[in-house]
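Before any comments, here is the structure.
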Amino acid sequence: MKRGLIVYVTGGAELADDSWGIYACMDRYAAHEVGVARDESEIAYNWWRMVVRGMQEVMCVRARVDGDGMELIGMPLRLCG
């Protein structure tokens, strides 16, 4: 089963789409694809993009980014699959 993960940045600095934190999330949640969202509309866009690309399961997790790195907040929420 292909799994997608959306990282919803709710506080702190910006998170680049190709940062090391993204790759760490891919390993932690066994995701095939990761997207970064900064607001609710980007969550919907990333969800649609992943479903179109064949992801059977899409999850969303909140994160806070600061100078020391990225901190995940809470458990991931399964959006579909």
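Computed from heavy atoms alone, side chains included, the values below leave out hydrogens, waters and symmetry copies.
- Test Leu79, Val36, Ile6 against Asn46 for side chain to side chain contact (heavy atoms under 4.5 Å, CB included) and you get one pass: Ile6.
- Taking Ile73 as the reference, Thr10, Arg62, Arg64 meet the side chain to side chain contact (heavy atoms under 4.5 Å, CB included) condition, with sequence neighbours excluded.
- In this structure, Gln56 contributes its side chain and Lys2 its backbone to a donor-acceptor pair below 3.5 Å.
- Under the 4.5 Å side-chain heavy-atom criterion for Ile, Leu, Val, Met, Phe, Trp and Tyr, Met75 and Leu77 are members of distinct hydrophobic clusters.
- Residues Val61 and Tyr29 are in side-chain contact: their nearest non-hydrogen atoms beyond the backbone lie under 4.5 Å apart.
- Of all non-hydrogen atoms in Leu5 and Cys60, the two that sit nearest each other are CD1-N, 4.5 Å.
- Every residue was checked against the salt bridge (Lys or Arg N to Asp or Glu O under 4.0 Å) condition with Arg28, not counting sequence neighbours, and none meets it.
- Under a hydrophobic-cluster definition in which Ile, Leu, Val, Met, Phe, Trp and Tyr are linked whenever side-chain heavy atoms come within less than 4.5 Å, directly or via other members, Tyr23 and Val65 are assigned to the same cluster.
- Every side chain to side chain contact (heavy atoms under 4.5 Å, CB included) that Ala63 has, sequence neighbours left out, goes to Val7, Met70, Leu72.
- Val58 has its side chain within reach of Met55: a pair of non-hydrogen atoms, C-beta onward, lies under 4.5 Å apart.
- Residues Met1 and Met59 do not share a hydrophobic cluster, defined by chaining ILVMFWY side chains whose heavy atoms lie under 4.5 Å apart.
- Under the 4.5 Å side-chain heavy-atom criterion for Ile, Leu, Val, Met, Phe, Trp and Tyr, Val34 and Met50 are members of distinct hydrophobic clusters.
- Taking hydrophobic clusters as Ile, Leu, Val, Met, Phe, Trp and Tyr residues chained together by side-chain heavy-atom distances below 4.5 Å, Trp47 does not share a cluster with Met26.
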Please step through side chain to side chain donor-acceptor pair (under 3.5 Å) for the pair Glu40 and Tyr8, ending with a clear verdict.
CA-CA 8 Å; Glu40 292 83 6; Tyr8 179 34; 3.1 Å; yes

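- A heavy-atom distance below 4.5 Å is not found between the side chains of Glu33 and Arg3.
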